[in-house]
Each structure stands twice: as C-alpha cells, then as structure tokens.
K.L.:
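Below you will find the structure I want to go over with you.
For this chain, numbers begin at 1 and follow the sequence in order.
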Amino acid sequence: MKHATLGASSSARWLNCTASVEAGKGYKNTSSGAAAEGTAAHELGELTLLDRTKPPTYYLGMKLLDAPDVVINTEMIHHINDYIDYIDSVATSTSTLMVEQEVSYSDYASGGFGTSDTIIVDSDVCHIVDLKYGRGFVDVVDNSQLKLYALGTYQEFKHLYDFDVFTLHIFQPRINNIASWSISLDDLLIFGQQVKEASDNIKSGNTEYAPSDKACQWCNHKANCSALLTHTQKIIGAEFDDLDLPEPETVDYQLILDNKSLIESWLKAVEEIAFEKLADNGIIKGYKLVNGRSTRKWIGDIEPLLIELFGDDAFEKKILSPTKAMKLVAPVDKQKLEELIIKPAGKPSMVKDTDKRQSISNVASDFDLVGE
C-alpha cells in the first residue's frame with residue numbers, strides 16, 4: 001500500500017510539528033495485531049458496500065486479502081453490519097457513493113493524497129465517513145485527517161458538484177463513538193491555506209519542533225526527540241525541582257494532567273527503543289533483559305485424553321453475561337431476565353471538562369475513598 005509523505009492519517013503530526021517529517025525518516029514502520037484487525041474490518045466493510053449480495057456474515061471464518069492473518073469473527077461482523085447500516089442511514093436514493101476512494105489534495109500539500117473509507121455526495125452536502133476499529137477515542141471535531149479527505153474530494157470533484165457543506169463522520173463501534181461535525185466550504189478552504197503553509201515550510205526546510213499530544217502520538221522519532229525531552233523536563237521541573245515534592249496546594253494539577261498522556265507516550269517510546277537496543281546485544285548501564293514469568297500450557301490435541309481421564313469435569317462452565325443472555329433469549333422471556341439485571345455506576349474516572357458525560361459529586365463519600 002502506497003503512502004504519501006504528507007498523508008492524511010499522519011496529518012495531526014506534520015501539521016502541528018513540521019520538523020517531524022525530516023526527523024522521522026529512517027525509522028522502520030512497525031505493525032501490530034490491532035492494526036491488522038483494523039485493516040480486515042475496513043476490507044470487510046468495503047467488500048460489503050461494493051457487493052450487497054454478500055453481507056458480512058458471508059465472510060465468517062475467512063481471511064481477507066489485505067489482512068491474511070486475521071480471521072473474520074462474529075464480533076467484527078456485528079460491528080461492520082452496524083457500519084453498513086450507518087452508511088445507509090446517511091445516504092439517500094439520489095446520493096453518489098464512493099467506497100475506499102483515493103483523493104488528492106496536492107493543491108494544498110505537496111504530493112498529498114489519502115484514501116477515504118466512504119464519501120457520500122448528496123446535492124450540496126458531502127459526507128466523509130471514517131471507520132475507526134480501534135478502541136482509542138478519535139474526536140470528529142476539527143479532525144485534520146477528515147478535513148484533508150474533504151479537501152481532496154473538493155479538489156477532485158469540484159467540477160462535478162457544487163459543494164457548500166462538508167459533514168465529517170467518525171464511526172467507532174467498539175467504544176460506541178459515533179459522531180459527526182460539519183464545516184463550510186469557506187472554512188475548509190481557510191484550513192487548506194494552513195495546510196499549504198505547513199507544506200511549503202516542510203518543503204523549504206523552514207520547520208520547527210512543536211511537541212504535543214497530537215503531534216507526538218504516532219511519531220517514530222519521539223524517543224530520540226530532544227525537543228520532547230526538553231518539553232517534558234520543563235513540565236516536570238516546574239513542579240518537582242530537584243525531585244523535592246512541593247506542597248499539595250502549590251501543584252499545578254492542570255499543567256501536569258494536560259501533559260500526562262504526552263509524557264507517558266514519551267516514556268513508552270524510550271522503553272521500546274531501549275528494549276530493542278538490549279535485544280540487539282547493546283548495552284544500557286544498569287539494565288538487562290530477562291525472561292518474564294510464564295505459565296504451563298498444553299501442546300497437541302489434549303481434549304480426547306482429558307475427556308478420557310475426567311469426563312465432563314474436563315471442561316469448566318462459565319455463566320452467560322447479561323448482554324449475551326439478552327441476545328440469545330426468546331422475546332417472550334426477556335422480561336424475566338431484565339428483572340434480574342442491574343447496571344451499577346461505573347468506577348469514577350477523571351477526564352477533561354470537555355467530556356460530554358455529566359459530572360458526579362460526593363465521589364469520595366459514595367465510593368469510600370476518604371480515609372477515616
């Protein structure tokens with residue numbers, strides 16, 4: 001799969017930290033099981049949208065071309081069914097539907113292009129729908145990746161359609177993050193000029209480092225980035241000079257919490273680089289690699305022997321969860337189960353005040369968090 005240097009999916013990095021493009025060269029790209037799973041989900045969605053005679057269930061147990069190590073399971077089928085339903089709820093009988101559509105926004109970013117999961121054009125409104133299969137929250141508001149897809153759609157198809165409004169959609173089924181946000185063509189073109197300025201600076205070498213959550217999250221260079229190290233030292237040093245803990249009343253909690261994920265991300269990246277160095281017989285004073293704890297496991301086909309030895313006791317039974325039971329029970333019996341189901345309040349968690357969930361009060365007393 002080809003990738004643009006100024007790609008839409010990496011735009012949160014290069015738009016915010018222009019120096020990251022040059023600094024990130026030479027690092028090998030790594031993939032993960034989660035990424036492969038996401039690739040499979042996207043391909044399943046594409047196949048279904050292009051051929052409605054084969055619903056997601058048709059592919060149960062199969063491995064698809066783009067992710068040959070991932071087996072399509074019932075969970076993925078369920079989520080992609082919901083994705084297809086969402087597309088159908090946005091599109092109308094007169095809509096133009098484009099699936100896995102590559103669009104170029106090279107008028108704004110040198111060599112820039114990206115592939116949008118689904119583009120729906122209906123009259124003067126263009127919908128950009130992005131499927132996210134991961135569990136890390138993705139905010140649709142002012143999302144640079146989707147705005148670049150919108151710019152690309154405008155550049156490619158402005159001679160065919162009179163675009164006025166672009167509605168961006170994030171469909172993230174595994175955490176129930178399904179949201180949309182609209183931007184006018186005028187505001188989109190203002191963003192386009194910001195993209196062009198960043199692109200021109202990158203091309204000319206007039207770049208600067210600007211560490212931030214968005215810029216550093218997926219940056220290959222962050223473990224070796226002196227700008228991020230300095231930024232982190234300033235944040236920590238502002239509160240913990242010479243590691244002498246300040247009085248609680250003087251701690252700038254907001255400063256620390258606002259940068260928590262960035263600092264944790266940097267520490268994780270440093271650990272990964274250090275691990276690779278030690279694994280390659282490198283030396284880091286005071287550290288070494290050892291084998292972690294392990295548990296015993298069966299090899300071969302053990303089931304027949306265990307049945308012979310223990311009969312039914314060879315298997316452990318686990319009661320169904322309320323969610324699974326409600327899916328399996330006949331409609332006439334649902335009320336019986338509902339009478340025995342409660343949904344207690346979740347454990348309190350601290351989030352930004354922009355979070356849509358309602359604030360709770362008296363948390364300490366409600367959850368026995370105050371010492372006696």
K.L.:
For residues 208-215, please give each side-chain donor-acceptor pair under 3.5 Å, one per line with the distance, not counting sequence neighbours.
P.N.:
unit_1, atom_1, unit_2, atom_2, d
S212, OG, A215, N, 3.1
D213, OD1, S261, OG, 3.0
D213, OD1, L262, N, 3.1
D213, OD2, S261, OG, 3.0

K.L.:
Of all the heavy-atom pairs spanning R135 and I175, show the shortest one and how long it is.
P.N.:
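Looking at all heavy atoms of both residues, the closest pair is O-CG2, 3.6 Å.
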
K.L.:
Give me the atom names and distance for the closest heavy-atom approach of Y108 to S199.
P.N.:
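Taking every non-hydrogen atom into account, O-CB, 3.6 Å.
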
K.L.:
Within the structure provided, determine whether L168 and K147 are in side-chain contact (heavy-atom separation under 4.5 Å).
P.N.:
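Answer yes - side chains close enough.
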
K.L.:
Taking the side chain as every heavy atom from C-beta outward, state whether T96 and I120 have any pair of such atoms under 4.5 Å apart.
P.N.:
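When only atoms from C-beta onward are counted, I120 and T96 do not touch, as no gap falls below 4.5 Å.
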
K.L.:
Is it the case that over 12 heavy atoms from other parts of the model lie below 6.0 angstrom from the CG atom of D51?
P.N.:
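Yes - once you tally the heavy atoms of other residues, nucleotides and ligands closer than 6.0 Å, there are more than 12.
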
K.L.:
For residues A8 and L148, report the shortest heavy-atom separation together with the two atoms involved.
P.N.:
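A8 and L148 have their closest heavy atoms at CA-CD1, 3.8 Å.
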
K.L.:
Within the side chain of N16, is there an N or O that forms a donor-acceptor pair under 3.5 Å with the backbone of A12?
P.N.:
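Yes.
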
K.L.:
Give a yes or no on whether I183 and I190 share a hydrophobic cluster (residues Ile, Leu, Val, Met, Phe, Trp, Tyr; joining criterion: side-chain heavy atoms under 4.5 Å apart).
P.N.:
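Unlinked, I183 and I190 end up in two clusters.
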
K.L.:
Could you go step by step and tell me if K203 and D200 meet the salt bridge (charged side-chain N to carboxylate O under 4.0 Å, His left out) rule?
P.N.:
CA-CA 5 Å; K203 190 174 182 179; D200 290 345; over 6 Å; no

K.L.:
Report yes if the side chains of V121 and F163 come closer than 4.5 Å at any heavy-atom pair, otherwise no.
P.N.:
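The answer is yes; the side chains approach within 4.5 Å.
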
K.L.:
Check whether N201 reaches the backbone of T207 with its side chain - one donor and one acceptor, N or O, closer than 3.5 Å.
P.N.:
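Not confirmed, N201 side chain does not pair with T207 backbone.
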
K.L.:
Decide side chain to side chain contact (heavy atoms under 4.5 Å, CB included) for T118 and Q101; before the verdict, give the C-alpha distance in whole Å, the side-chain angles of both, and the deciding distance to 0.1 Å.
P.N.:
CA-CA 7 Å; T118 308; Q101 177 69 45; over 6 Å; no

K.L.:
Looking at T5 and S10, what are the two nearest heavy atoms and their distance?
P.N.:
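T5 and S10 have their closest heavy atoms at O-OG, 4.3 Å.
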
K.L.:
Please round to the nearest 0.5 Å and tell me the distance separating atom NZ of K318 and atom NZ of K324.
P.N.:
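It comes to 6.5 Å.
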
K.L.:
Crowded around Y58 OH? As in, over 12 foreign heavy atoms under 6.0 Å?
P.N.:
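No.
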
K.L.:
Between the main-chain N or O of S116 and the side-chain N or O of Y149, is there a donor-acceptor pair closer than 3.5 Å?
P.N.:
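No, the answer is negative, given that no donor and acceptor are paired below the 3.5 Å cut-off.
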
K.L.:
The test is salt bridge (charged side-chain N to carboxylate O under 4.0 Å, His left out); show your working for D69 and K63 and say whether it passes.
P.N.:
CA-CA 7 Å; D69 295 327; K63 297 179 179 180; 5.6 Å; no

K.L.:
Would F157 and Y154 count as a close aromatic pair, with their ring centres under 6.0 Å?
P.N.:
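No - the distance between ring centres of F157 and Y154 does not fall below the 6.0 Å cut-off.
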
K.L.:
Using a 3.5 Å distance criterion without hydrogens, assess whether the side chain of Q172 forms a donor-acceptor pair with backbone atoms of G134.
P.N.:
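Confirmed, Q172 side chain pairs with G134 backbone.
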
K.L.:
Taking atom CZ of F275 as the centre, does the number of heavy atoms from other residues, nucleotides or ligands within less than 6.0 Å exceed 12?
P.N.:
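Result for CZ/F275: open.
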
K.L.:
If you draw a 6.0 Å radius around NZ in K158, do more than 12 non-hydrogen atoms from other residues or ligands fall strictly inside?
P.N.:
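More than 12 within 6.0 Å, yes.
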
K.L.:
Is L185 reachable from V141 through a run of hydrophobic residues whose side-chain heavy atoms are each under 4.5 Å from the next?
P.N.:
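Yes, V141 connects to L185 through the hydrophobic network.
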
K.L.:
Could you verify whether a donor N or O on one side chain and an acceptor N or O on the other, from S106 and S104, lie under 3.5 Å apart?
P.N.:
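The answer is yes; a qualifying pair exists.
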
K.L.:
Could you go through L49 and V99, starting from their C-alpha distance and side-chain angles, then the distance that decides it, and tell me whether this counts as side chain to side chain contact (heavy atoms under 4.5 Å, CB included)?
P.N.:
CA-CA 7 Å; L49 286 171; V99 180; 3.9 Å; yes

K.L.:
Determine whether a donor-acceptor pair (N or O, by modelled atom type, separation under 3.5 Å) exists between the side chain of E43 and the backbone of D66.
P.N.:
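Here the side-chain-to-backbone pair exists.
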
K.L.:
Would you tell me whether D88 and Y83 have side-chain atoms, one donor and one acceptor, within less than 3.5 Å of each other?
P.N.:
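Judged by distance alone, the side chains do not pair up.
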
K.L.:
Can a side-chain donor-acceptor contact be found between T167 and S182 if the only test is distance below 3.5 angstrom?
P.N.:
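Yes, because at least one side-chain N or O of S182 sits under 3.5 Å from a partner of the opposite role on T167.
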
K.L.:
Evaluate the side-chain proximity of D117 to E100: yes if any heavy-atom separation is below 4.5 Å, no if none is.
P.N.:
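Yes; the side chains approach each other to less than 4.5 Å.
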
K.L.:
Between the side chains of S144 and S11, does any donor sit under 3.5 Å from an acceptor?
P.N.:
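S11 and S144 do have a side-chain donor-acceptor pair below 3.5 Å.
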
K.L.:
Could you go through E272 and K222, starting from their C-alpha distance and side-chain angles, then the distance that decides it, and tell me whether this counts as salt bridge (charged side-chain N to carboxylate O under 4.0 Å, His left out)?
P.N.:
CA-CA 11 Å; E272 289 174 352; K222 64 183 171 185; over 6 Å; no

K.L.:
Is F137 reachable from I170 through a run of I, L, V, M, F, W or Y residues, each pair having side-chain heavy atoms under 4.5 Å apart?
P.N.:
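Hydrophobic grouping puts I170 apart from F137.
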
K.L.:
Just jot down the ring-ring contact (aromatic ring centres under 6.0 Å, His included) partners of Y86, sequence neighbours excluded, or say none.
P.N.:
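Checked Y86 against ring-ring contact (aromatic ring centres under 6.0 Å, His included); matches are H169, F171.
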
K.L.:
Honestly curious: do M76 and I87 fall in one hydrophobic cluster under the side-chain, below-4.5 Å linking rule?
P.N.:
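Cluster IDs for M76 and I87 match.
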
K.L.:
Looking at side-chain heavy atoms only, is the closest gap between I77 and Y59 below 4.5 Å?
P.N.:
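The answer is no; the side chains never approach within 4.5 Å.
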
K.L.:
Working to the nearest 0.5 angstrom, can you tell me the gap between L131 CG and I84 CD1?
P.N.:
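Reported value, rounded in 0.5 Å steps: 9.0 Å.
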
K.L.:
To which residues is I299 joined in a hydrophobic cluster, defined by side-chain heavy-atom contacts under 4.5 Å among Ile, Leu, Val, Met, Phe, Trp and Tyr, whether direct or through other members?
P.N.:
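Besides I299, the cluster holds no residue at all.
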
K.L.:
Could you check whether any side-chain heavy atom of V70 comes within less than 4.5 Å of a side-chain heavy atom of L64, counting everything from C-beta outward?
P.N.:
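Side-chain contact under 4.5 Å: no.
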
K.L.:
Do the non-hydrogen side-chain atoms of I284 and K277 ever get within less than 4.5 Å of each other?
P.N.:
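Yes, their side chains come closer than 4.5 Å.
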
K.L.:
Could you tell me whether D312 atom CG has more than 12 heavy atoms of other residues or ligands within 6.0 Å of it?
P.N.:
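Incorrect, the count does not exceed 12.
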
K.L.:
If you take all heavy atoms of C126 and T153, which pair is closest and at what distance?
P.N.:
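C126 and T153 have their closest heavy atoms at SG-CG2, 3.8 Å.
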
K.L.:
Judged by atom type as modelled, is there a donor-acceptor pair below 3.5 Å linking the side chain of D280 to the main-chain atoms of E276?
P.N.:
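Side chain of D280 to backbone of E276, a donor-acceptor pair under 3.5 Å: no, none is there.
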
K.L.:
Within the side chain of D122, is there an N or O that forms a donor-acceptor pair under 3.5 Å with the backbone of V125?
P.N.:
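Answer holds: no.
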
K.L.:
One pair to check against side chain to side chain contact (heavy atoms under 4.5 Å, CB included): Q217 and R13. What are the steps and the verdict?
P.N.:
CA-CA 8 Å; Q217 184 176 10; R13 173 175 54 80; over 6 Å; no

K.L.:
Taking CG in L328 as the centre, count heavy atoms belonging to other residues, nucleotides or ligands within less than 6.0 Å. Is the count above 12?
P.N.:
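Counting other residues, nucleotides and ligands, CG of L328 exceeds 12 neighbours.
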
K.L.:
Report the C-alpha separation of F315 and D313 in whole Å, then their side-chain angles, then the decisive distance to 0.1 Å, and conclude whether the side chain to side chain contact (heavy atoms under 4.5 Å, CB included) test is met.
P.N.:
CA-CA 5 Å; F315 302 94; D313 291 336; over 6 Å; no

K.L.:
Does any non-hydrogen side-chain atom of E264 lie less than 4.5 Å from one of L267?
P.N.:
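Not in contact.
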
K.L.:
May I ask you to decide if G7's main-chain N or O and W14's side chain share a donor-acceptor pair within less than 3.5 Å?
P.N.:
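Yes: the side chain of W14 pairs with the backbone of G7.
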
K.L.:
So, T48 and K54: side-chain donor and acceptor under 3.5 Å apart, yes or no?
P.N.:
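No, because no side-chain N or O of T48 sits under 3.5 Å from a partner of the opposite role on K54.
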
K.L.:
D130 vs K132, test: salt bridge (charged side-chain N to carboxylate O under 4.0 Å, His left out). Steps then yes/no.
P.N.:
CA-CA 6 Å; D130 199 44; K132 299 292 188 185; 2.9 Å; yes

K.L.:
Just wondering, are more than 12 heavy atoms of other shown residues or ligands nearer than 6.0 Å to CG in L160?
P.N.:
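Yes.
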
K.L.:
Do the side chain of S95 and the main chain of L97 share a donor and acceptor less than 3.5 angstrom apart?
P.N.:
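Flag not set: sc S95 to bb L97 has no pair under 3.5 Å.
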
K.L.:
Any side-chain donor-acceptor pair under 3.5 Å between H42 and Y133?
P.N.:
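Side-chain D/A pair, H42 to Y133: absent.
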
K.L.:
For the hydrophobic clusters of this structure (ILVMFWY residues joined by side-chain heavy atoms under 4.5 Å, transitively), does one cluster hold both L289 and I283?
P.N.:
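No, L289 and I283 fall in different hydrophobic clusters.
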
K.L.:
Does a salt bridge link E339 with K334, judged by any charged N lying under 4.0 Å from a carboxylate O?
P.N.:
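Salt bridge flag = no for K334 with E339.
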
K.L.:
Please report the shortest heavy-atom distance between L60 and I72, naming the atom on each side.
P.N.:
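Shortest heavy-atom separation between L60 and I72 comes out as CD1-O, 3.7 Å.
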
